[in-house]
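Data block below; observations after.
Sequence lines set the chain letters: A, B, ... in the order given, protein chains first and strands last, and positions in each chain run from 1. Remember, it's a predicted structure, so these values are computed and weren't measured experimentally. No hydrogens, no waters, no symmetry mates; every other heavy atom, side chains included, goes into these values.
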Amino acid sequence: MAEESYDFRTAEPHWQAAWSAAGCFATHDKPAGSKPKCYVLEMFPYPSGKIHMGHVRNYAIGDVVARARRAQGYDVLHPMGWDAFGLPAENAARERGVDPAAWTVQNIAAMREDLKRVGLSLDWSREFATCDPDYYGQQQKIFLDFWRAGLAYRRESAVNWDPVDMTVLANEQVIDGRGWKSGALVEKRKLRQWFFKITEFADELLAGLDTLERWPERVRTMQRNWIGRSEGANVEFSLTAPIAGHDTVKVYTTRPDTLFGVSFLAIAPDHPLALAVAAQNDAASAFIAECQSSGTSEAAIEAAEKRGFDTGLRVKHPFTEATYPVWIANFVLMDYGTGAIFGCPAHDQRDLDFARKYQLSVTAVVAPKGAAAPEIGDVALTGDGVIINSDFLTGLDVAAAKRLVIAKLEQRGIGQGVVNWRLRDWGVSRQRAWGCPIPVIHCEICGAVPVPERDLPVRLPEDLPFDRPGNALDHHPTWKYVNCPQCGAPAARETDTFDTFVDSSWYFARFCAPRAATPTDIAATKHWMPVDQYIGGIEHAILHLLYARFFTRALHRLGHVGVDEPFAGLFTQGMVTHESYRTEDGRWLYPDEVTRHPDGSATYQGQTVIIGPNEKMSKSKRNTVDPAAVIAQFGADAARWFTLSDNPPERDVEWTEAGAQGAFRFVQRVYRLARMIAAEPRDLTALDQAVGDARALRQATHRAIAGVSEAIDGFAFNVAIARLYELANAISDSDGQKSTGLGAARREAMIALIRLAAPIIPHVTETAHALLEPDAGLVANLPWLVADPDLVRRDRVTIGVQIMGKLRAAIDLPIGADAATATQAAMAEPKIAQALAGATIVKTIHVPDRIVNFVIRS
RNA sequence: GCGGGCGUGGUGGAACUGGUAGACGCGCCGGACUCAAAAUCCGGUUCUGGUGACAGAGUGUCGGUUCGAUUCCGACCGCCCGCACCA
């Protein structure tokens, strides 16, 4: 009957309007009242134009946390905004001639509508986009502060250059070393670019990880490895014959103890010495040019075949008379250490591979403890051991040898112990038009001059010319031509814009006071920061999170915020995946174009469809499911319920139609149960008078309260949902039971189900609650339920009985039964008694409330 | 290549700090209601053998520690994420 079913199509907009009218989720910049604060933030989205299932999942997770914290008595800040600069808008402008600003604004409007239909507990009054001049103008102020403080500087750095399109490519636009559009081999080209001095904070960023107790351990490990603190030594090798003013080569090594195992030196292709060699050697020059064509990404360089070029130069060993060749190698990076290494093939796998390839000598200088000098085959010996064949180091262990060799090098003035970092300064210049302009004016007389604050923001022009490749901002006919603010001479604006990671490195601080006339309102950030719970994809484990941590420390130093760490708690969720489908001729198909058959096969208009594996939803493979369509069909509650119910949120989830239907059925069931109970005559029995089945139901209710609360606190939403199903099943099972107080217990259980489920399915629970408690107001404003420990506690437990670790029986015991009681009960079991007869009990293991195990000998 | 993670029934997954593996959902099978279907409700569902209240096997593979391992250790296989220009 239609009147009995829950109509989400009218209920969802109704409750969304009711929350908005009641101002449930609005917050203040400053402390209001005595509630503790809680800042819940999900990574803000790029406005692609449509929300996808990953967004629904991300924001559903955050919304459960935000709603639960609100109910638990916190003043919750839960804002939303847009990471609105970036390449897609520029690509759209080039491909379709649209204005990137208009395109972005349109996308934001569409996504905002989609998001609002999800029913999130957001404070929309704080919304902003990073492409708002108000926001990026404040960002320009921050940059000028950084510059003044010595945290921003300019130097040369390589970019991927597409020689056909005459444009700089992002790493993702380089495919197998070629430009994605032109197909031309990509070159490395040096440009003068802006950098942020993140390395100045390297030790702080490393040490700070230890304080982030509510971060996943794996993210902290990844950041630790990324920062990559290493202790080693710089060692100077003198050239046997100077070249172009160079008479030494300085190498960095983490294994100075293996100095006597050296077999060659290797330098980066862009090392000054390599360039000096190339100037007089065409073959060297050609080799370097080849190395330049690999693209700048580390993955590309590392995956490439290790290759080298013998320069013919030789260096002398610092402690012996021996000399060694100097090679140029494509795997040595100029930016790490000194851009030069010494190769010790016996104890470094990459050096060994290189030595075998080019038939270089291999000398073992470390022997495993208690073993003779090792034979080196194709596997390097990288473990600890005792130094051999190494003059004054012979006989020492690795650590002692490191200390001694460093001391000797320092004594002779040809080396020193150094701490080195893998972390490099952050290059923030991008040759893109759709980004935040870097507020600098280049004057021939004064050099790089900051744009005066009164002239901020430096706005993007509204008529960017995308009719040719390259940086549209640079091509604009008038924008860059200005006079120098210092001397008044004709000058030109910087036409590079900021990396979009800059935009997302401080937006969380801006949310605390989004309309402030300064980048942040220090009082507001002191109140709200740090973010108590940050939620986003694991793909941001390193870069975004590290940049944001750096920014926060820098902003703290400059007085813009009051904390060092931006995110006290971090949760990283998995992706939403779906099967992909393609026709036999290789065309990708959308899921709703495909007809699935009971035997598992699929067809499209009668043709056979090839079913691909579960993969991250992506437009190119068309394996996307449009949340707007799902919400239209099943409602926002069902969509939220399903994305959280199926598996742990940190893992990938596969979207299935069946799962969505299951979620829809549960939403309907909550409503049906509420109607049923609302229709029952009111049972006025006091709850503590409930006995028998009624008391059992009350126990189920309070165990659900405890279980759901614990699961939500631990981000185990799938477990919370399993507990809610159990409670719903308990309510159904109590139908027709008769004990005293049952009616009251059923009502209590139903209200608990509603209020515990409310953070996940906020709309239907409002409707259901209004049926039962019409005068109680919005569930969104009610406090969280607290379990009665007397009802949660169990008084009996069933434990296993094992013989030799194999389960043979189960016994029922009072909670906390002692060893004697448990053992006696176990031995009374016929099967156990039988097994023990004629055997000697060697040992009895009793773990209270868990297990009894007999170790026997027969 | 380097760094990080994941792997449990037909399926998504649960299992407290090493203690009865498979909670809960989906699917499937059977039943009730219905003229019928949908919806809903009830029961069953790890595998193998057996009529059975029984026996054996079982958490990617191989091995180890332990009275006892999904959980801890080692090697391997497969999949996923990241790589700002790794010593």
Between protein and nucleotides 51-56 of chain B, what N or O pairs are separated by less than 3.5 Å?
from: B/rG56; atom 1: OP2; to: A/Arg808; atom 2: NH1; distance (Å): 3.4

Got a donor-acceptor pair under 3.5 Å from the side chain of A/Ser157 to the base of B/rC85?
-> yes
CD of A/Glu539 versus P of B/rG5: gap in Å, rounded?
-> 17 Å
Pair A/Asp425 + A/Lys197: basic N to acidic O under 4.0 Å | no
A/Leu543 side chain: which of B/rA84, B/rA14, B/rC85 is closest?
-> B/rA84
Span that lies between the C1' atom of B/rG5 and that of B/rG60, in whole angstrom | 15 Å
Can you tell me the distance, in whole Å, between the CZ atom of A/Phe331 and the C1' atom of B/rG1?
-> 12 Å
Evaluate the side chain to side chain contact (heavy atoms under 4.5 Å, CB included) criterion for residues A/Arg640 and A/Arg57: first the C-alpha distance (whole Å), next the side-chain angles of each, then the deciding distance (0.1 Å), finally the verdict.
-> CA-CA 7 Å; A/Arg640 294 167 59 121; A/Arg57 194 177 193 211; over 6 Å; no
Does the distance from a Lys or Arg side-chain N to an Asp or Glu carboxylate O, for A/Lys306 and A/Asp353, drop under 4.0 Å?
-> no
How about A/Phe354 and A/Phe331: are their ring centroids closer than 6.0 Å?
-> yes
Who passes side-chain contact (heavy atoms from CB on, under 4.5 Å) against A/Ala554, sequence neighbours left out?
-> A/Phe146, A/Leu151, A/Phe201, A/Phe550
Would you mind classifying the nucleic acid contact of A/Ala158 as base, sugar-phosphate or nothing, using non-hydrogen atoms under 4.0 angstrom?
-> base
Do the two ring centres, one from A/Phe571 and one from A/Phe715, sit under 6.0 Å apart?
-> yes
Under 4.0 angstrom, heavy atoms only, what part of the nucleic acid is A/Gly707 near: base, sugar-phosphate, or nothing?
-> nothing
If you measure from the C1' atom in B/rA39 to the same atom in B/rA14, how many Å do you get, rounded?
-> 30 Å
A/Ile227 and A/Arg422, any side-chain heavy atoms less than 4.5 Å apart = no
Is A/Arg651 near enough to B/rG7 that one of its side-chain N or O atoms lies under 4.0 angstrom from OP1 or OP2?
-> yes
List in chain and number order the residues that pass side-chain contact (heavy atoms from CB on, under 4.5 Å) with A/Ser645, two or more places apart in sequence or in another chain; answer none if no residue qualifies.
-> A/Trp641, A/Phe642, A/Ile721
How close or far is atom P of B/rA84 from atom CZ of A/Phe201, stated in whole angstroms?
-> 23 Å
Answer with yes or no after comparing the ring centroid distance for A/Phe666 and A/Tyr725 against a 6.0 Å cut-off, counting only values under it.
-> yes
Report the residues that fulfil side chain to side chain donor-acceptor pair (under 3.5 Å) with A/Arg220, sequence neighbours left out, ordered by chain and then residue number.
-> A/Glu217
N/O to N/O distances under 3.5 Å, protein versus nucleotides 38-48 of chain B:
from: B/rU40; atom 1: O3'; to: A/Arg672; atom 2: NH2; distance (Å): 3.4

A/Ile538 atom CD1 is separated from B/rC83 atom P, nearest whole Å, by 12 Å
Which part of the nucleic acid does A/Ala340 contact within heavy-atom distance under 4.0 Å: base, sugar-phosphate only, or nothing?
-> base
P spacing across the pair B/rU59 / B/rG64, given as an integer number of angstrom = 15 Å
Taking the same atom, P, in B/rU40 and in B/rG25, what whole-Å distance lies between them?
-> 13 Å
When rounded to whole Å, the CD to P distance for the pair A/Gln573 and B/rC81 reads 14 Å
With the threshold set at 4.0 Å, does a side-chain nitrogen-carboxylate oxygen contact exist between A/Arg703 and A/Glu726?
-> no
In whole angstrom, give the distance that lies between atom CZ of A/Phe501 and atom C1' of B/rG82.
-> 11 Å
5'-most contact on RNA chain B (nearest-nucleotide basis), A/Lys306 vs A/Ile542, goes to A/Lys306
Sub-3.5 Å donor-acceptor pair from the side chain of A/Gln223 to the main-chain atoms of A/Ala541, do we have one?
-> yes
In residues 799-811 of chain A, what donor-acceptor pairs under 3.5 Å come from side-chain atoms, sequence neighbours left out?
none

Of all of residues 218-227 of chain A, which get a heavy atom below 4.0 angstrom from RNA chain B, listed by number?
-> A/Arg218, A/Thr221, A/Met222, A/Asn225, A/Trp226
So, do A/Asp812 and A/Val797 sit near enough that their side-chain heavy atoms are less than 4.5 Å apart?
-> no
Atom-pair distance (CD1 on A/Ile841; P on B/rC67), nearest Å = 17 Å
For nucleotides 71-78 of chain B, list the nitrogen or oxygen atoms of the protein found under 3.5 Å from its nitrogen or oxygen atoms, one pair per line.
none

Separation of the C1' atoms in B/rG3 and B/rU8, to the nearest angstrom | 27 Å
Which atom pairs link the protein and nucleotides 19-24 of chain B when you take only N or O atoms and keep those under 3.5 Å?
from: B/rG19; atom 1: N2; to: A/Gln802; atom 2: OE1; distance (Å): 3.2
from: B/rU20; atom 1: O4; to: A/Thr798; atom 2: O; distance (Å): 2.4
from: B/rA23; atom 1: O2'; to: A/Glu726; atom 2: OE2; distance (Å): 2.9

Mind pulling the stems RNA chain B is in, i.e. runs of at least three Watson-Crick or G-U pairs, everything under 3.5 Å?
-> B:1-7 with B:77-83, B:10-12 with B:24-26, B:27-32 with B:40-45, B:46-49 with B:54-57, B:60-64 with B:72-76
For A/Ala289, check side-chain contact (heavy atoms from CB on, under 4.5 Å) against everything at least two apart and list the hits.
-> none
What is the glycosidic conformation of B/rG9: syn, defined as within 90° of 0, or anti?
-> syn
Say you pick atom C1' in B/rG58 and the same atom in B/rG49; how far apart are they, in whole Å?
-> 15 Å
Residue among A/Val502, A/Thr500, A/Asp496 satisfying side chain to side chain contact (heavy atoms under 4.5 Å, CB included) with A/Val428 = A/Val502
Residues at least two apart in sequence or cross-chain that pass side-chain contact (heavy atoms from CB on, under 4.5 Å) with A/Arg356, listed by chain then number, are A/Leu352, A/Val362, A/Ile376, A/Asp378
Taken to the nearest whole Å, CG/A/Leu209 to P/B/rG4 is 14 Å
Mind checking whether A/Tyr547 and A/Trp426 have ring centres under 6.0 Å apart?
-> yes
Span that lies between the P atom of B/rU51 and that of B/rC42, in whole angstrom = 32 Å
So what does A/Val332 hit on the nucleic acid, given a heavy-atom distance under 4.0 Å: a base, only sugar-phosphate, or nothing?
-> base
Ring-face cation of A/Arg155 near A/Phe195 (centre distance under 6.0 Å, axis angle within 45°) | yes
Donor-acceptor pair, A/Thr497 side chain versus A/Arg432 backbone, under 3.5 Å?
-> yes
Exercise: do A/Gln699 and A/Arg793 side chains pair donor with acceptor under 3.5 Å | no
In whole angstrom, give me the gap between the P atoms of B/rG31 and B/rG12.
-> 29 Å
Touch check for A/Leu546, heavy atoms < 4.0 angstrom, all strands: base, sugar-phosphate only, or nothing?
-> nothing
